[in-house]
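Throughout, protein chains are lettered first and strands after them, A, B, ... in sequence-line order, and every chain is numbered starting at 1.
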2 protein chains.
Amino acid sequence: MNYSRQESVEKAMTVFWQKGYAGTGMRDIQTALDKRPGSIYAAFGNKEGLYLAALEAYTEDLAATLKECTLADSPLHALKSFLHSTLGQTDALTYKRQCFIFKAQADWLALPAGIQSALRQSLQQLRGRFEDIVKAAQQHGELAEDIVPEQAALWLQGQFIAIRTLSTAIENESALEWMLDKVFNDLGKH
Amino acid sequence: MNYSRQESVEKAMTVFWQKGYAGTGMRDIQTALDKRPGSIYAAFGNKEGLYLAALEAYTEDLAATLKECTLADSPLHALKSFLHSTLGQTDALTYKRQCFIFKAQADWLALPAGIQSALRQSLQQLRGRFEDIVKAAQQHGELAEDIVPEQAALWLQGQFIAIRTLSTAIENESALEWMLDKVFNDLGKH
DNA sequence: CTTTGTATTGAACGATCGTTCAGTTCGGCG
DNA sequence: CGCCGAACTGAACGATCGTTCAATACAAAG
């Protein structure tokens, strides 16, 4: 039951991730979950409820991954290799290159109000995790102390968007590697 | 006729820009253009045709703006102030902060094949205009000669995505200004 | 005024949308 | 076994989707 719920949420997340909120039909989801409408509505209320569950799961996952970076010996190196790993998704998994949340934000005005505020909340939460990584890097001497963690976190979030978005449209992998290096070079500069 | 066509394309672009391809219904467009379905389908064939017309218009507009930057006394300064101006859109115009093309790319897998290839083409074309700006900046001595224009253009395109996307989710304007400054500081660094 | 070709209208089509609900299945407890 | 509550089924609902087309309006030419 509860396990099955988590499994359902993950499958739904996959579909929403690929086709967006508006682009995803409940019948796509019924197929993906191999469940009939009644079951899904009994468990999640409606399409919005299911999407919110998927968004929460995604945010938790990503936040946990970023938290791991904070605890690593080299926080910045861990962050870099995580970002690098997202670019490696190929073929049927290329949809994972782009961030689920920013993908959603593209349809901003067409989304239910409940989803809009949930998206803002997720973004804020994840920015907090970036901030933790910056602070951890400073404590490990990887980053100068005069870097403002709040600014650096926002900037890092932006670089994630940039690289992950570009990676869906650019086939030149070495150019992306170069950008990745540049990000972690530029981070400590003024 | 032809003027009215251009006007129609612009209005359609506004709607697509706000609500995305899947999120926009033909009835939204009929309302925005104050035209009945028959007229629209006679002029553009179908929803995809209308979207392609809007995409083309957007690309042409943006390419022209970037071309102006190339011709300016200070290409980089011109580019910076253009990017700055896009962030200034408020209230009902906030949808303009995000790039029309990358907004579309979010729904990538849900889009008709014709739109997918048109999007790739637009991105490539605009990257070419960024490259022109970099080269012009080098000729004006604003940028070191050892910067590889192709790499710098891709990187600039990424920074545009980052800042414009963040600006739709961040209310802190001074933080965005700071990021904008950082972009043009980092551009020439290695 | 009539004719001709083009632009526009708006009702209507089948398909698909999100959602509902009466009926069925199923696991666990007495 | 008999019973209960929870989970699931699948047909069906009204609304909306993209699209079509016969009918109408209109501008220019004869």
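Look at CG on B:Asp34: it is 15 Å from C1' on C:dA7, rounded to the nearest Å. Between A:Arg36 atom CZ and C:dT25 atom P there is a gap of 15 Å when expressed in whole angstrom units. One atom, CD1 of B:Ile40, and another, C1' of C:dA7, lie 13 Å apart when rounded to the nearest Å. Computed from coordinates, the A:Lys35 NZ to C:dT25 C1' distance equals 15 Å when rounded to whole Å.
Shown here is B:Gln121, whose CD atom has no more than 12 heavy atoms of other residues, nucleotides or ligands within 6.0 Å.
Contacts with DNA chain C (heavy atom under 4.0 Å) in residues 107-114 of chain A: none are found.
Listed by first then second residue, pairs satisfying side-chain hydrogen bond (donor to acceptor under 3.5 Å, both in side chains) with a partner in residues 57-74 of chain A read A:Thr59-A:Ser122, A:Ser74-A:Glu142, not counting sequence neighbours. Applying the ring pair (Phe, Tyr, Trp, His ring centres under 6.0 Å) test to every pair with at least one member in residues 126-182 of chain A, sequence neighbours left out, gives these pairs: A:Phe130-A:Phe160. Applying the salt bridge (charged side-chain N to carboxylate O under 4.0 Å, His left out) definition to pairs two or more places apart or across chains, those involving residues 128-140 of chain B are B:Arg129-B:Asp132, B:Glu131-B:Lys135. Annotation: side-chain hydrogen bond (donor to acceptor under 3.5 Å, both in side chains) contacts involving residues 81-98 of chain A, sequence neighbours excluded, comprise A:His84-A:Glu177.
Take B:Lys182 and apply the side chain to side chain donor-acceptor pair (under 3.5 Å) test, not counting sequence neighbours, and it matches B:Asp186. In this view, A:Tyr51 and A:Phe16, A:Tyr21, A:Phe100 satisfy the ring pair (Phe, Tyr, Trp, His ring centres under 6.0 Å) rule, not counting sequence neighbours. For the ring pair (Phe, Tyr, Trp, His ring centres under 6.0 Å) test, no residue two or more places apart in sequence or in another chain qualifies with B:Tyr41.
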* Per-nucleotide protein contact string for nucleotides 13-24 of chain D, where B marks a base within reach and S marks sugar-phosphate only (heavy atoms under 4.0 Å, - for neither) -> ----BBBBB---
